[in-house]
Peer 1: 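Mind looking over this structure? Questions follow.
Along the sequence shown, the residues carry numbers beginning at 1.
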Amino acid sequence: MGVTRELGEWHIDGRCTDCDVARQFAPGLIEQVGGRSAVVRQPVTAAESDLLHAAAHACPTRSVRPPGGGLDPARDPFPLPLPTTPTTTPPPDLPTALDETAAVHLCGHNSPRTAGANAYLLRRPDATAMMIDTPRWSEPLAARYEAAVGTVTDVLLTHRDHAAHGRRYADRFGARLWIHEGDLDAAPDADRVLRGIEPTPIGPGVTAFPLPGHTRGSVLYVADERYCFSGDSIYWSRTTADIEIVDSVTWYSVTELAASLGRTVPLLRFEWLLPGHGSRCRLPVEEMGERLARLAERTRGLRPRPVDFGAVRW
């Protein structure tokens, strides 16, 4: 597979940090080549072109470049809804048109200040919404998100690495900013502080599950027994075709993460896994639970290792 760099074609420039975001949105078109992302095939259909535009508007370094080099704001698909039709093979296909009734939207516009993490908007039955982690900050983006989902009442931070724009979005929306006490120094002006390791209700249908391990204050947020916003704690790996932890990038303790999973997995019930890094997936609730239980068992056998970003199994 060759790396495409011609300005007359889709290409990825030298700013790529190998964060995997573009590969999530355009698998088969963008792949990992030589330790970074590369366009390995030009689009041949309108749907494939849409996937590349989504990748370009999500890329935190703006490395995904269309023919001619300039991004067209009119081709920005975000906020982008999750599909509402059943899927069994992760990662799910992404829709090409905005569905105003979708419960969860991907924010896109991933920020280099959050290590390129995915952020999400969660619509609630009362016509309000929550933001989970944050995209890059801009006033036009904030207005765009608000127009799509309505009043944002809460900004939920999964952990310290994704806190960079939390206060700014919360202030813009007039929302409450949440973080766990274990990572409070990353957002000392948070409005709500989660404490301890017990599940904590955030609002109707939304529960925070503290999961210390990746960081001391990592949290899962589960909504409606359907959606799990997992931050950097767990993700779907395309390499292993399973749910994994990022054991090669664990800032606090993989031993604590094993204990957290052992304690928390029996309490979890959801079908969508929506991570900050790594691929998304949707599975039947029972299968999701079985895979999580096996993950907890595997994690118990892990030992601390040096941080190695290159060892992540995307």
Peer 1: Looking at Asp154 and Arg176, is there a salt bridge between them, counting it only when a charged N and a carboxylate O are closer than 4.0 Å?
Peer 2: yes

Peer 1: With Phe229 as reference, evaluate Tyr221, Trp178, Tyr120 under the ring pair (Phe, Tyr, Trp, His ring centres under 6.0 Å) test and give the passing residue.
Peer 2: Tyr120

Peer 1: With the side chain counted from C-beta on, respond yes when Leu211 and Leu257 share a heavy-atom pair under 4.5 Å apart, and no when they do not.
Peer 2: yes

Peer 1: Go through the structure and list residues passing side chain to side chain donor-acceptor pair (under 3.5 Å) with Asp72, not counting sequence neighbours.
Peer 2: none

Peer 1: With sequence neighbours left out, which residue pairs that include part of residues 253-269 fulfil the salt bridge (charged side-chain N to carboxylate O under 4.0 Å, His left out) condition?
Peer 2: Glu225-Arg269

Peer 1: Flag the pair Val152 / Tyr169 as yes when at least one side-chain heavy-atom distance between them is below 4.5 Å, and no otherwise.
Peer 2: no

Peer 1: Applying ring-ring contact (aromatic ring centres under 6.0 Å, His included), name anything that partners Phe270, two or more places apart in sequence or on another chain.
Peer 2: none

Peer 1: Apply salt bridge (Lys or Arg N to Asp or Glu O under 4.0 Å) to Arg62 and list each qualifying residue two or more places apart in sequence or on a separate chain.
Peer 2: none

Peer 1: Can you list the residues that meet the side chain to side chain donor-acceptor pair (under 3.5 Å) rule with Arg298, with sequence neighbours excluded?
Peer 2: Glu244

Peer 1: If we count only N and O atoms by modelled type, under 3.5 Å, do the side chains of Arg23 and Ser37 hold a donor and an acceptor together?
Peer 2: yes

Peer 1: Can you give me the closest heavy-atom contact between Ala208 and Leu194, atom names plus distance?
Peer 2: CB-CD1, 3.8 Å

Peer 1: What I'd like to find out is whether the side chain of Thr153 reaches to under 4.5 Å of the side chain of Arg124, using heavy atoms alone.
Peer 2: no

Peer 1: Could you list the donor-acceptor pairs under 3.5 angstrom formed between side-chain atoms of residues 52-61 and any protein atom two or more places apart in sequence or on another chain?
Peer 2:
from  : atom 1 : to    : atom 2 : distance (Å)
His53 : NE2    : Arg75 : NH1    : 3.3
His57 : ND1    : His53 : O      : 3.0
Thr61 : OG1    : Ser63 : OG     : 2.5

Peer 1: In terms of side-chain geometry, is the basic nitrogen of Arg36 or Asp13 positioned less than 4.0 Å from the acidic oxygen of its partner?
Peer 2: no

